[in-house]
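Note sheet for the following structure.
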Amino acid sequence: MKAVLSMTLGVMTAIGGFVDIGNLVTSGITGARFGMTLAWAVLVGTAGMVLFAEMAGRVTAVTRKPIFHVVRERLGVRVSLVNAAASTFLNLITLAAEIGGVSLVLQMVTGISYLIWVPLAGLAAWLVIWRMPFQWMENIFGLLGLGMIVFVVALFRLPTDWHALWHQVISPAVPAGQPAPTWWFYAVSLIGACIVPYQVIFFSSGGREEGWTSKSITEMRVNALIGFPLGGLLSLAIMAAAVPVLQPLNIQVSHLDQVALPVASAFGRAGLAFVFVSFFAATFAAAAESALSSGYSVAQYMGWSWGKRHPPSAAARFHLVCLASVIAATAFTLTTIDPVTVTIFAVVLGAAAVPLTYFPILIVANDARVMGQRVNRRWVNAAGTFFLTIMVVVSLVSVPLLIITKAGQ
Amino acid sequence: MTRWDEDEFTANDLLLDRELIDCHGMPAGRVDDLELSDPEPGEPPVLTALLCGPTAFGPRLGGRLGTWWQAIGRRLRLVSGSYPNRIDAGLIDHVDRLEITLLAAREHLDSYRFRRWTEEKIIGRIPGDTT
Amino acid sequence: MCRRLACVAVLGSCLLLVACAAPVFDDGGYRHAALQTSMAMVSDLASGQLAAQLGLRGNSFPTFTDGNVTDAENDADSVNSTFSSRQPPDARSDALRRTMLQALSDGTSALTDLRVAVRMGDRTQVRKALAEVGKSLKTFDTLQQGLQ
Amino acid sequence: MRTSELIGCQVYDTAGQHVGTVHDLHFRLRPQPGGSQACQLDALECGGIGFGHRLGYGENAMRGPWPFPQLFRYLARRSVAVPWTEVTAVNRPRIDISSRRDQLQPARRQRT
């Protein structure tokens with residue numbers, strides 16, 4: 001019974017943990033502008049995330065070595081240094097976007113300008129890292145993040161034309177009057193919003209924190225195979241909810257509170273309360289997780305002791321890196337750069353950088369000397385290589401698309 | 001007495017960039033370079049110590065970044081001299097494909113200085129760090 | 001290896017900067033800018049309208065309605081200023097410029113009235129401002145059809 | 001002497017022909033009189049792309065995702081192991097050896 005309980009808790013945490021500011025913004029924008037024609041990108045991104053997270057989780061469970069051990073040991077000195085620097089830079093931008101997201105949610109709730117909330121959000125995120133036990137942090141915010149189910153329920157209350165939505169999902173095409181590069185740009189941003197590097201770093205390092213062994217592989221797989229797809233479903237629900245409400249009125253989403261309008265028109269204040277709580281939980285958990293991930297990446301790369309399972313004084317430099325990244329991200333957000341734009345840059349650059357951490361994991365998962373009989377099966381390798389080619393193509397086109405469409409205009 | 005998992009191996013497989021774990025199971029850095037004995041005519045060089053720290057990592061990077069990394073490392077060292085932190089080969093307990101475990105605690109290793117400095121000067125000052 | 005990476009990054013960022021600030025030159029560009037502006041105004045007006053209507057129906061919190069309407073107003077102001085700072089390339093576009101500026105000022109003032117009414121919580125004022133917003137929305141719809 | 005002084009050197013054979021760049025060192029355990037084992041430098045691995053070996057594609061313990069084993073084995077086909085006894089002079093960035101290029105053994109015996 002206890003196993004089932006912890007399993008469901010793990011799944012729900014994975015659902016809540018999957019959705020972050022990147023999913024909220026990109027799903028809202030694409031739903032209002034392109035309808036469901038970009039649903040395929042969320043499916044590709046979620047499938048990729050499940051595959052990548054399962055492989056990384058399995059490597060961590062068997063070898064007790066999360067991602068950046070593998071990066072440092074397998075990629076040689078120069079390549080691994082470039083990899084670690086790029087990933088840390090990306091974690092910082094994502095952290096800034098998440099802190100901006102938390103502040104936007106608080107602005108939505110209280111009406112006070114988000115700039116006031118940014119330092120408080122940064123401080124609160126750091127306090128969670130500094131003292132809140134790992135399990136609490138994951139479970140509390142993961143469960144609160146489930147409030148986003150209100151979007152799924154709202155779909156039944158809103159005048160949704162299910163047939164038209166289904167038709168758009170099945171036969172995706174660039175909607176008339178929309179520029180093709182922008183359509184492809186948002187496809188890349190949706191894939192990037194699903195496969196966020198810090199989420200995989202956190203998933204595998206979190207596994208090490210919880211002391212995963214080969215026996216916990218089944219539980220890890222359940223989390224990844226059920227939790228993340230349901231998280232992807234939530235993103236699709238946010239996208240779909242925008243179609244009946246925002247698209248007919250030609251509203252283009254450029255602020256986080258516009259994403260919540262469909263629920264307001266479906267359920268009014270009660271619905272909005274759910275949205276506020278779940279948006280806050282999702283973005284706040286993501287802020288704490290991305291701050292932790294920048295600490296994880298640097299500490300694992302340099303071989304310092306890391307993690308919340310040790311008292312802070314035993315993992316001094318890890319906490320120093322987390323503190324420094326929170327301060328840097330908060331300062332960056334305080335430059336009043338629009339958090340929504342920062343989020344779009346973070347997810348697109350994130351999509352471009354996925355192969356950096358995915359390639360070494362795919363290789364190590366095939367090393368029998370280290371993985372024993374837990375090496376990749378043939379079909380997992382086939383799916384893994386197919387996904388690697390997709391992500392390499394995505395990273396090649398993402399920066400040019402970013403420039404051509406001026407970040408999605 | 002060092003226990004090796006394999007009797008024939010290469011530096012990149014088992015030694016270089018591997019994580020060092022001290023006798024209490026705590027991470028103690030990574031092997032950035034290896035120190036070998038000077039070769040005599042009949043005697044091939046033998047591994048005498050593991051080296052870690054920026055002054056060992058710098059030369060392996062090579063190029064301007066490497067020398068710049070090494071210079072930072074030299075300046076950071078409180079003790080003068082630029083020889084990297086040295087862990088004698090005798091201290092190695094067990095070597096396998098996952099990590100290198102040591103016989104000594106990490107407090108007694110050369111590479112402890114930067115960690116103790118952060119511990120005392122920064123993290124130690126923040127309340128709630130001891131439990 | 002690192003040097004090549006560095007100059008690729010620098011090149012990329014220069015491209016990025018240039019692409020953002022490309023000015024509008026020919027007449028087609030001006031009409032395209034006018035179309036983009038009217039689409040943006042339609043979006044801001046509709047967003048403010050929807051938020052205010054939800055507020056009237058009690059489907060939203062005062063701060064939430066205020067936040068949405070204020071965002072819409074700020075966006076409309078920035079759209080207005082970017083468009084009016086554009087130099088029309090020839091006389092024919094000047095006529096387009098005058099109609100656009102007239103519509104833009106009506107739209108932004110309608111949204112400002114709406115924001116003032118919403119913050120005061122005066123339902124009749126909100127309904128009056130909503131009517132204004134609706135009118136402005138129609139003019140921009142027709143403008144958009146004309147420019148399509 | 002440190003590995004950073006060896007790795008990255010250019011190896012030239014007796015005829016002055018370029019054999020390759022050193023990208024790895026082979027070690028072998030040699031029992032010592034005191035009962036302990038010394039980790040003795042056995043050979044320099046040079047030539048060919050070291051990245052494949054670094055990833056773990058040296059021996060064929062890696063069935064690996066389809067294109068990579070074949071790709072890295074092809075890239076590393078010309079890597080050779082220079083026994084340390086053949087090395088005559090080490091002055092970075094050049095190492096001279098006393099045997100000829102074609103006499104050298106391939107770097108990795110395919111151990112299962």
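Keep in mind that this is a model prediction, so the values were computed, not measured. Chain naming here is simple, since letters A, B, ... match the order of the sequence lines and numbering starts at 1 in each.
- When heavy atoms are compared at a cutoff of 4.5 Å, A:Val375 approaches chain D solely by way of its side chain, counted from C-beta outward.
- Using a 4.5 Å cut-off on side-chain heavy atoms (C-beta onward), A:Leu75 and D:Leu55 make contact.
- Ring orientation note: the planes of D:Phe68 and A:Phe359 are nearly perpendicular, at an angle over 60° on the 30°/60° scale.
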Produce the donor-acceptor pair table for chain D versus chain A, cut-off under 3.5 Å.
residue, atom, partner, partner atom, Å
D:Arg54, NE, A:Glu73, O, 3.3
D:Arg54, NH2, A:Glu73, O, 3.0
D:Leu55, O, A:Arg74, NH1, 2.6
D:Gly56, O, A:Arg369, NH2, 2.9
D:Glu59, OE1, A:Arg369, NH1, 2.6

